Number of protein chains: 2
Amino acid sequence: MAPPSGRTIPDATVARLPIYQRVLGELQDRGAATVSSEDLAELSGVNAAKVRKDLSFLGSYGIRGVGYEVDYLLFQIRNALGLTQQWPVVIVGVGNLGRALADYAGFTSRGFPVAALVDDDPAKVGTEHVGIVIRALSELRDVVRDLDVAIGVIAIPASGAQRVADLLVEAGVSSILNFAPTVLSVPDGVNLRQVDLAVELQILSFHRRHRNRERGAVDPAAESNPRR
Amino acid sequence: MAPPSGRTIPDATVARLPIYQRVLGELQDRGAATVSSEDLAELSGVNAAKVRKDLSFLGSYGIRGVGYEVDYLLFQIRNALGLTQQWPVVIVGVGNLGRALADYAGFTSRGFPVAALVDDDPAKVGTEHVGIVIRALSELRDVVRDLDVAIGVIAIPASGAQRVADLLVEAGVSSILNFAPTVLSVPDGVNLRQVDLAVELQILSFHRRHRNRERGAVDPAAESNPRR
DNA sequence: TAGATTGTTAATCGATTAACAATC
DNA sequence: TAGATTGTTAATCGATTAACAATC
């Protein structure tokens, strides 16, 4: 009954909690009071046993014979994820991707308000995007301090990413989300996640190829070895 | 010596092949002829034993005492991923995210040229973005047929995503990359991958919270239970 | 009480990693 | 031959899932 104490939530479970959170939010909007693991699983695209196991790591928040109270479970998931408060983010790089992220409603609505935009192009500094003034890279430290920024988002080309990561760490952010296709190194204690948009396409490409293989389709590009 | 025949490459390995590919590409640009599993691991941010195991699923392409020939290994990885040919993509939704994706150099340079842009806003249809004319949603089938499109990218809000997915499937694409934060259902035989930009922030938030916990920091937001 | 659904167990499967024989 | 590095084994760890007792 008490919230789990020793606790360690497996990584695989942590990665699914945001999905449950989103689905529960939709259920809440539709006015659902409770949901069974079966239904939550269906809506989330996973196995029902997995849902129950995942939720059991948070504590014992279901009611046997009934299901889970939507409001209550949503609160507990938000709590586990640390989303009962807002975490302002700074986006570094106001190119196409940076602008898309700044406009992306999903950030603010899910607890990550875009507090600041930063770019090193003098032509952009001082202009506004969606009501946020673009600041210079040299102001990063002040921006992070003044706006209480916890998370830095890197939305610039790979070549400058490590330098920006270093600046973000110096400026005091504790977490970095990197969209540049390059492996970054950060000090211990700084959380780092990497998203590579093209990687997803490459994985798709692999699966596409193998689905076709199974069906006996011929893939001419797959044959022939080059030199050596 | 012969390319592996029975083959099944584990999912975890498939997910890392694009990383090795990118790192090998950088090594190639720098003129490196060979690379050891130790160095490739370091540059990719993984364990050296894992690199060797991953690569062994593709075949036996290393040279003991020497390492891996960069060019040859790169070819074999591209081959395994099905990237020895180009896979044109169509991007549905020319909002901020769609435009960012269309401009993203990483797509074209890694074998996924943006063949077409599609939007259902009449004001956008017929205009150009980065040299590509924006077509109407109703033309999707023609676009896919005429431009030999294999992959559809969904870059619209969640509410319309399932309908667009259905249209893409009808139009004949075999793979879908979905950026809308909603679970899609597609027929068997269609490959689907989901990217949720906010999910990454939420996972970061969790890890941030627990790093702090370990250090004995107090998190006021974590306490107190709501009603019930 | 009967029906429904959770929380947990235990079996299974897949992924990681150190260690080392094979071999360049 | 000596040194380096692969490819593979085997031990370990973590994730998934069916099954079911507990209980609303």
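Any value given below was found using the heavy atoms of this structure, including those in side chains, with hydrogens, waters and symmetry copies removed. Note that the coordinates shown come from a computational prediction; the quantities given were computed from them, not determined experimentally. All chains are named by letter (A, B, ...) in the order of the sequence lines, taking the proteins before the strands, and each is independently numbered beginning at 1.
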If pairing means Watson-Crick or G-U wobble with both distances under 3.5 Å, then the partner of dG3(C) is dC24(D)

As its Watson-Crick or G-U partner within any shown strand, both distances under 3.5 Å, dA19(D) has dT8(C)

- Query: Below 4.5 Å, heavy atoms only, C-beta onward: do L27(B) and D39(B) meet side chain to side chain?
  - Reply: no

So, is S37(B) close to the dT6(D) phosphate, meaning a side-chain N or O under 4.0 Å from OP1 or OP2?
yes

Q: State whether S36(A) places a side-chain N or O below 4.0 Å from either non-bridging phosphate oxygen (OP1 or OP2) of dT5(C).
A: no

Let me know the distance between [atom1] of [X] and [atom2] of [N], rounded to the nearest Å.
{"X": "D11(A)", "N": "dG14(D)", "atom1": "CG", "atom2": "P", "result": "10 Å"}
{"X": "R64(A)", "N": "dA2(C)", "atom1": "CZ", "atom2": "C1'", "result": "17 Å"}
{"X": "L73(B)", "N": "dT5(D)", "atom1": "CG", "atom2": "P", "result": "16 Å"}
{"X": "I9(B)", "N": "dA15(C)", "atom1": "CD1", "atom2": "P", "result": "12 Å"}
{"X": "K50(B)", "N": "dA10(D)", "atom1": "NZ", "atom2": "C1'", "result": "18 Å"}
{"X": "L58(A)", "N": "dG7(C)", "atom1": "CG", "atom2": "P", "result": "10 Å"}
{"X": "E69(A)", "N": "dC24(D)", "atom1": "CD", "atom2": "P", "result": "14 Å"}
{"X": "R16(A)", "N": "dG14(D)", "atom1": "CZ", "atom2": "C1'", "result": "12 Å"}

Result for 5'-nearest mapping on DNA chain D, choosing between L55(B) and G65(A), is L55(B)

Select one nucleotide: of [options], the one nearest the side-chain heavy atoms of [X].
{"X": "N47(B)", "options": "dT16(C), dT17(C), dG7(D)", "value": "dT17(C)"}
{"X": "A49(B)", "options": "dG7(D), dC24(C), dA18(C)", "value": "dA18(C)"}
{"X": "P10(B)", "options": "dC24(D), dC20(C), dA15(C)", "value": "dA15(C)"}
{"X": "Y68(A)", "options": "dA15(C), dT8(D), dG7(C)", "value": "dG7(C)"}
{"X": "K53(B)", "options": "dT16(D), dA22(D), dT17(C)", "value": "dT17(C)"}
{"X": "S60(A)", "options": "dC24(C), dG7(C), dG7(D)", "value": "dG7(C)"}

**Asked** With a 4.0 Å cut-off on heavy atoms, is A12(A) in touch with a base, just the backbone sugar-phosphate, or nothing at all?
**Response** sugar-phosphate

Steps toward salt bridge (Lys or Arg N to Asp or Glu O under 4.0 Å) verdict (D196(A), R110(B)): CA-CA 12 Å; D196(A) 187 328; R110(B) 284 193 263 176; 3.2 Å; yes

- Got more than 12 heavy atoms from elsewhere within 6.0 Å of CG, D148(A)? no

Could you tell me whether the side chain of W87(A) and the main chain of P113(A) form a donor-acceptor pair under 3.5 Å?
no

Backbone of N191(A) reached by a side-chain donor or acceptor of R208(B) within 3.5 Å: no

